[in-house]
Structures are given as structure tokens and as C-alpha cells.
Amino acid sequence: MNYTRSSALFAQAEKVIPGGVNSPVRAFKGVGGTPIFVKEAKGAYLYDEDGNRLIDYINSWGPMILGHAYKPVVDAVVEKAKKGTSFGMPTEIETQIAELAVSMVPNIDKIRFVNSGTEACMSAVRLARGFTKKDKIIKFAGCYHGHSDSFLIQAGSGASTFGTPNSPGVTQGTAKDTLLAVYNDIENVNQLIDANKNEIACVIIEPVAGNMGCVPPQNDFLAKLRLLCTEHNILLIFDEVMTGFRLAKGGAQELYNINADIVCFGKVIGGGLPVGAFAARNEIMNELAPLGPVYQAGTLSGNPLAMAAGLAMITELNNDAEVFNRLAEKTEYLHKGITNVLNENKVVHTINRVGSMISVHFDAAPVVDFKTAAKGNNETFKKFFHGLLNQGVYIAPSAFETWFITDALSFDDLDFTIDAVRKVSKTL
Ligand code: PLP
């Protein structure tokens, strides 16, 4: 494939945007080469500035669960835009999306909308600290909760791709309040709690990790975490920015039948516009300003365009009883197909999958935490990535990312992808 125009646009961008991108992982640093500039997208496909068509397995890092330029979402945004794009005053649509979200997600009474997953998670932690009157938090190595200071401690995702999980600019003071635990290791969490008696406000976790590749919770890990948190008066925060409205209507809480105390959303809930949200039961949410003392605000929060996109998206998901089964079925089909062709060609690998999240690790050992995720062979991943790209299949340019399956993918697209993997696997 020819990427002449993308390369030229990247060179131009590099002069005025740091690294040529507005979010680091887009820059292809982990895999080499230059990023592809998108012209437009429809359904399961991206069309780039050089006229190439790519089957998209990133889908804007998750939001486009029903495919690109999905008509009900686009129509809702266009109609709203004609009536004004932001007022900084309440609008009815904010209540409509809030009512629908509260009806779809277990164990929440109220929800507040923000502009990104980062904002949702950082606000959730502030709320947990305000509610419990404790300062420390536990996060898991390899989990990413956005780029706010408290979370940039072994953060997974792009931060891991660059080998700099701790960012300069995060103060020692902030870092000391973030305790790091090992994913899927309940004994480790128990020890941290014991060593910091009555100091921990919350445990924040991706209930299915998606930022060290896809790593499912194992051996009732979430249930045990729930028990520990309850026992020690610690709030359990599920960061469902990836899993919310993706694994089930009610996200991972529904899938695993476990109630978190605070739930964070992003990605799908915005239908492709900048939306995040956090939600909890009344006693917690009522601590937020203007009802309570915990401050949180946003000029563009709940703006009508974002709310229109989000409402259209989750309405579609709510009305389609089969959508999550279809997504899981397509993902399972892809999983089996890729497993077969990698095995045929004796490529050492492990595939993890939950619902419509899947990732391929190039190591034989089970991937259960950040350490085992980091063992994957990155040289093999780079060849895999570029080999697929050359055949028109676009996966995330980092071994630490999940593939996001969209309902717009047909079984022909999946077969095409499996065939592309077959061809690449001969070169690995
Ligand atoms: N939490 C999780 C689990 C994420 O995957 C991400 C982003 O990828 C975030 C939080 C941050 O969301 P945003 O990029 O919208 O700030």
C-alpha cells in the first residue's frame, strides 16, 4: 500500500503539534513507521488520505461499537448542531441520557457527565476521597485510567509502549498516595490494605483490563476485591471506560454480577464525541457540588452535541437485545480463526478475549497481569502489525492495546482478516 500523502501530512503536523499527534499512541512509536491520516470512515472501514481502505479494529479506541458514521448517531448530532452547540445551561437531553444510563447500569442512582474518561476517573477518585475522608488509592499495574497525575504510575496503554510508565511532572507527593497492586493477585491487595490501615479511600480497577492487552479477571478476583473493599470501608471503583456499554448493557458489573461503588464511563457512552461520566448510588453522588462539598465542574460538560450522540448510541444498544451476543460471536469467530492460522504456522502466542475485546500476545505463558503482558515479543508484534497493515487490516499500533470489535464487521471481513493473519504468520 502507498502512504505517500499520510507521510507528507505527518511531516507537516510534526512542525506544529508535538510528535505530530494529539495523543501519543497514535504516533506509531511502539511499532515504527509513520501514522496513517484518516480522511473518512464508514461502517467497519477507514479510508485514508492515500485512498487505501482499512478494516478497522481500533474504532477510535472503542467508541464506534456499531461502526463508523452510524446513521442514527450522525443524524442526532446534525439535528442538534443546527440548534446551537453549547449553552452552559441545563438541557432536557442531559436528563434523558442520564435516565437511560441509570436504567441500563446496575446499582447506580445518579450519573454526572464530563468530557473524557480521564475526567471521569479523576473525578471519581476525588469523590471517593471526599466520601471516605481518606487519601490513598490502590491502582493496578498495567491499568490505565487516563492521564491525570494520580494514575500515571505503571499506567499501561501508550505509557507502557513508550517504556515510561511514570511521567515527569507527577510530583512525589501525588505518587505516594497511589499504591500499586498486581492485577489478579488478591493476596497482594490484602497486604497493601493491611500495611495502610484506614488510609485507603478506594481501589480503582479496569474490571476487564484493556490497557495491557486484554486481561480478564481470574478466579473470582473481582468478587474477592468486592469483599475486601466492603470489609475495610474502601470504595470499589470500576473504570468501565472501555467495558461500559460494551460487554453488556450494564457493562462488567452486569457480566460478572458484581456491584462497584462508583462506575466510570467514556468511549461508547459518547457515540464518538468527547464524553465521560461517573455514577454511583445517591449517598455517594450527593456529596458532589452543588449538593455536597466535593467540587467538580465543566464548561462543556453535558453539551447538547455530545449528549445527542451518546443518547442515540446507548438507545440503539438498549433497543437491540442481540447486539452483545452478536459482538461476542464475531469476536469468538475471529479468535478461533486466528488461533488456527497461528498454530498452523507454529507462531507462539496467547489470545485473551472477553466479549468484544480481544488481543494477541506473542508469548506462550498465560497473560494475567502487567508482568506477563510485558513478556510478549515486541519484535514479532511489530512485524504482525505492519504485515496486517500492508494487507488493509488496522490493529492498534501497540502490543498493550485491545482490539475493539464492531458490529459493522461482516463475517467476510473477519475471514479476510484471518486470511491476512495467515499470510503474515508465515513471515513471523
Ligand atoms: N480508562 C480506561 C480504561 C481507558 O481505556 C481510557 C482511555 O483509553 C481512559 C480511562 C481515559 O479516557 P480518555 O482517553 O477519554 O481520557
Side-chain angles (χ1 to χ4, degrees), residues 21-27 30 57-65 112-126 128 137 139-162 165 167 178 183 202-217 222 236-247 251-253 255 260 262-279 296 298 300-301 303 306 309-310 313 354-359 370 373 396-404:
V21 292
N22 282 310
S23 194
V25 75
R26 296 178 197 169
Y57 284 97
I58 308 181
N59 286 292
S60 187
W61 306 91
M64 320 315 298
I65 191 168
R112 178 158 283 173
F113 288 93
V114 293
N115 304 289
S116 67
T118 298
E119 268 186 75
C121 294
M122 82 182 194
S123 306
V125 164
R126 183 178 306 141
I137 69 171
K139 88 169 271 290
F140 293 88
C143 283
Y144 180 69
H145 306 292
H147 62 92
S148 102
D149 287 2
S150 308
F151 301 133
L152 284 183
I153 321 282
Q154 291 203 9
S157 191
S160 298
T161 302
F162 298 124
S167 170
T178 300
Y183 201 84
C202 61
V203 172
I204 183 164
I205 185 166
E206 291 179 65
V208 174
N211 285 293
M212 41 182 160
C214 174
V215 179
L222 296 177
L236 177 60
I237 303 179
F238 272 10
D239 174 355
E240 297 228 38
V241 168
M242 258 189 206
T243 53
F245 303 96
R246 170 167 288 279
L247 296 185
Q253 284 198 106
L255 187 68
I262 307 180
V263 192
C264 305
F265 298 105
K267 302 190 190 276
V268 174
I269 199 172
L273 266 74
V275 180
F278 58 106
Q296 184 278 324
L300 292 172
S301 291
N303 80 82
M313 176 63 93
V354 179
S356 54
M357 294 165 65
I358 180 169
S359 61
F370 191 42
S398 161
F400 290 99
E401 303 285 355
T402 293
W403 308 18
F404 297 102

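These figures come from a predicted structure and were not determined experimentally. The first residue in the sequence is number 1, and the count goes up from there. Just the heavy atoms: all of them, side chains too, but no hydrogens, waters or symmetry mates, feed the values below. Indexing begins at 1, ligand by ligand and atom by atom, following the structure's order.
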Side chain, backbone, both or neither: which part of [X] comes within less than 4.0 Å of ligand 1 when only heavy atoms are counted?
X      : answer
Glu206 : side chain
Tyr144 : both
Lys267 : side chain
Thr118 : both

Should you measure from each heavy atom of [X], which atoms of ligand 1 turn up under 4.0 Å away?
X      : value
Gly146 : 9 (C), 10 (C), 11 (C)
Ser116 : 15 (O), 16 (O)
Met242 : 5 (O)

Examine [X] against ligand 1 and note whether any of their N/O atoms are separated by less than 3.5 Å.
X      : value
Asp239 : yes
Gly117 : yes
Asn211 : yes

Sorted by chain and residue number, the side chain to side chain donor-acceptor pair (under 3.5 Å) partners of Glu119 (sequence neighbours excluded) come out as Asn115
Q.
Please tell me whether Arg246 and Ser356 have a donor and an acceptor in their side chains that are separated by less than 3.5 angstrom.
A. yes
Do [X] and [Y] come within less than 4.5 Å of each other through their side chains, counting heavy atoms only?
X      : Y      : value
Phe278 : Val263 : no
Val354 : Leu255 : yes
Val203 : Phe140 : yes
Glu401 : Trp61  : yes

Practice item. Would you check if the distance from the ring center of Phe370 to the ring center of Tyr183 is below 6.0 Å? Key: no
